[in-house]
Each structure stands twice: as structure tokens, then as C-alpha cells.
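What follows is a set of notes on a single structure, which appears directly below.
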Protein chains: 2
Amino acid sequence: MLSKKTQYAFHALIHLAENVDKGPILISEIAQEKNISIKFLENILLELKNAGILGSKKGKGGGYYLMRPPKEIALAKIIRLLDGPIALLPCVSLNYYERCENCRDEAVCGLNEVMSKVRDATLKLLETKTLKDILTRNA
Amino acid sequence: MLSKKTQYAFHALIHLAENVDKGPILISEIAQEKNISIKFLENILLELKNAGILGSKKGKGGGYYLMRPPKEIALAKIIRLLDGPIALLPCVSLNYYERCENCRDEAVCGLNEVMSKVRDATLKLLETKTLKDILTRNA
DNA sequence: ATAAATCCTATAAAAAAGATAGACTATTAT
DNA sequence: ATAATAGTCTATCTTTTTTATAGGATTTAT
């Protein structure tokens, strides 16, 4: 399961995407709208900003905004940033690979093979689906 | 990522499957063969036994053995038993569903829709692939 | 009877997740 | 200039989960 942190990030990004035309959006507005602790959300948005996904403006009229159009922000990027590996096992992770310590040889390990397939099936969706694809329908 | 518990369980089950013809297998043998703490493994095998996946025999000549042929033990079952939900979000979990507290209406939530697809793609593999499919190749 | 092995429950230790606090900096309005 | 606004940064705290260990109870083969 995705952590609360990543779940909150998605909901915050959805709110930002659904209000792109309204200029910078307040943390407090997102927090209230999405039922998220404001201080926790603050940290999350900052992390997204430091990763170049969000921009911000300080002072009156300030807030956060998307740095790119929603259709260019892949879901996989957000998950990897906040949650780490998407794969189910370290030995099949593309971005956070670690050797398997319980099997003799990954090259002939059937578990490795199946979990690679699971990873591929998952990434096929998460790398192609973007923020645009998770906006509220009929809104 | 799967927990160590689930990862260990898979490796233990692989060892049991690869030695079905040898009668009950000792916990200590599996622990040594797979580099797993024997006491931790003990708890895991017990849980698998209580779930009906393994059988056991006490005393001399005892040990653990599979209750069904490897091809009838789906990977999804093991994961759900030891790790819980396979889905990335509570609101798209088939077996551990919980309402989303950050969105207004799951029926029109795009995140819900995409994550349902991820779940389906994952389950298509994990429900059909079995212990038989993760055995060491060329062994 | 004895030794071998699993069964069972409790607890401890470590790590991760979730949440909060508060002082600091930049921007804007007046 | 000044005050108010709003994000920045870092530290800490609490809770939960994960990982691991301990030790006595029970069952079985010989």
C-alpha cells in the first residue's frame, strides 16, 4: 500500500490540477478541502517543490502551483519520490535495486522472474498514467 | 514492497516445494539453506500452517510439508495472509476495503479508477501464478 | 523415559510512518 | 517603514509496524 504521505500528495496534486487557472493555491485551502493535517501537508508540498514538481510563491497571494501541465506528471514519479520502490522485491527494483540475500542465483530464481512481470505490468500503468488521468471525472 | 516476512515465506515455500518427495522438512534446514533467522521463520511457518497452507509433524522425523501441490498455491494468497492488502490504496482493495477519507466521491475519483487498474493488472499475475511458477529454473 | 521437533505466547528492539512545533525568510499591501 | 501573509527549514515527538528473540508446553518416535 502507498503511504499516507503519497496518498495525500496525490490528493493535493489533484486539487492543484483542478485549479490551475486560479493561480497559487494556499496550503491551508488544500488541507481543508482534502482533510489533511496542515503541518504534515506542508512538508509534503515542500518535498514536491524541491523535486521540481511544484513551484511556490511567498507572501500575500502566494501558494503552490504545478510546474508542468498535469498530463506531463507521471504517477510513478510521485510514488518513487515519496515512497521509494514500486517493485514488490528489492531484487527486481529498477530504481532501488538490492541483491537478494535468500536465493542462490537471481538469474534462475522463479520468484525474481514473476515479480519482474508484476513490476512491468504495474509500471506500464504508472509510467503512462499522469495527473491528468486521475482528475475527478465530470468535473 | 513485500515485508521480509512474506519474502521469507516465499523462499521457505520454494524450498518445501523443491523437496516434496523428501517428507517433512526441518525448520532449521530451511533457515540454514535460505539464510533466515530460525526463530523468525518458526513463526512464519506456523502462520502458514494455521492458514492451512502447510502441514506439520512433531517429534523425530517431523517438520513441515505442503498441504497441496505447488501449482494450487497462488502467490496472492500468501501475500494477503502475511502482508495484507495487495492494492495500492485502501479504497480499491478487494479484501481489505476502506472508504477514502480524502475524496468526495469514489465513484468519480480518477485516482480510484487508475489504482483499480493497477490492482487488476497485479492480481492477474499474482492470482494465476503459483508456487510452481516460482521454483528455481533448470533445477 | 528420552530426545527431537513443532506449538504457542509474550516481549523486546529497531525502524518507519505520521504528525507537530516553532523560529526564519521572502513578499506584498498600506 | 511596517505589519501581515505565506512558504521554508529543521528538529522532535508519538505511534505503529516490522523484525527478531526467548522460553516453556506439547507431541511423537524410538
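Order of the sequence lines fixes the chain letters, A, B, ..., with proteins taken first and strands second; residue numbering starts at 1 for each chain.
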Q) When rounded to the nearest 0.5 angstrom, what distance separates OG in A:Ser37 from CD in A:Glu42? A) 9.0 Å

(Q) At less than 4.0 Å, is any side-chain N or O atom of B:Lys5 found next to OP1 or OP2 of D:dT18? Yes or no. (A) no

Q) Going by modelled atom types, is there a donor-acceptor pair between the base of D:dT21 and the side chain of B:Asn43 at under 3.5 Å? A) yes

**Q.** Separation of D:dT18 P from B:Gln7 CD (nearest whole Å)
**A.** 13 Å

**Q.** Distance, rounded to the nearest Å, where A:Phe40 contributes CZ and C:dA16 contributes C1'
**A.** 11 Å

Q: Would you tell me whether B:Glu18 and B:Thr136 have side-chain atoms, one donor and one acceptor, within less than 3.5 Å of each other?
A: yes

Q: Could you give me the CA-CA distance, side-chain angles and deciding distance for B:Arg80 and B:Glu127, then say whether salt bridge (charged side-chain N to carboxylate O under 4.0 Å, His left out) is met?
A: CA-CA 11 Å; B:Arg80 289 205 179 99; B:Glu127 300 268 35; 3.4 Å; yes

Q) Does B:Lys132 pair with B:Glu72 as a salt bridge, N-O distance under 4.0 Å? A) no

Q) For the pair made of NZ in B:Lys57 and P in D:dT26, what is the distance, rounded to whole Å? A) 21 Å

Q) Can you tell me how far C1' of D:dT21 sits from OH of B:Tyr8, to the nearest Å? A) 13 Å

**Q.** Distance below 4.0 Å between B:Ser37 side-chain N/O and D:dT21 OP1 or OP2
**A.** yes

Q: Give B:Lys39 one of three labels, base, sugar-phosphate or nothing, depending on what nucleic acid heavy atoms sit under 4.0 Å from its own.
A: base

**Q.** Nucleotide nearest B:Lys4 (side chain, heavy atoms from C-beta), chosen from C:dT6, D:dT19, C:dA26
**A.** D:dT19

Q. Which ones in residues 23-32 of chain A lie close to DNA chain D, meaning a heavy atom under 4.0 Å from one of its atoms?
A. A:Ile25, A:Leu26, A:Ile27

Q.
A:Phe10 vs A:Lys34, test: side-chain contact (heavy atoms from CB on, under 4.5 Å). Steps then yes/no.
A. CA-CA 10 Å; A:Phe10 277 131; A:Lys34 299 291 188 173; over 6 Å; no

Q) How many Å lie between CD1 on A:Ile44 and P on C:dG18, as a whole number? A) 9 Å

Q.
Without decimals, in angstroms, what is the distance between A:Ile38 CD1 and D:dT5 P?
A. 14 Å

Q) Quick one: B:Met1 CE to D:dT18 C1', roughly how many Å, whole number? A) 13 Å

Q: Between A:Asp83 and B:Lys60, name the one whose nearest nucleotide on DNA chain C is closer to the 5' end.
A: B:Lys60

Q. A:Lys49 has an atom NZ; how far is it from atom P of C:dA26, in whole Å?
A. 11 Å

**Q.** N/O donor-acceptor pair, side chain A:Glu47 with base D:dC9, under 3.5 angstrom
**A.** no

**Q.** Side-chain donor-acceptor contact under 3.5 Å, A:His11 with A:Glu33
**A.** no

Q. Can A:Leu88 and B:Leu126 be said to form a side-chain contact (heavy atoms from CB on, under 4.5 Å), step by step?
A. CA-CA 11 Å; A:Leu88 292 181; B:Leu126 296 179; 4.3 Å; yes

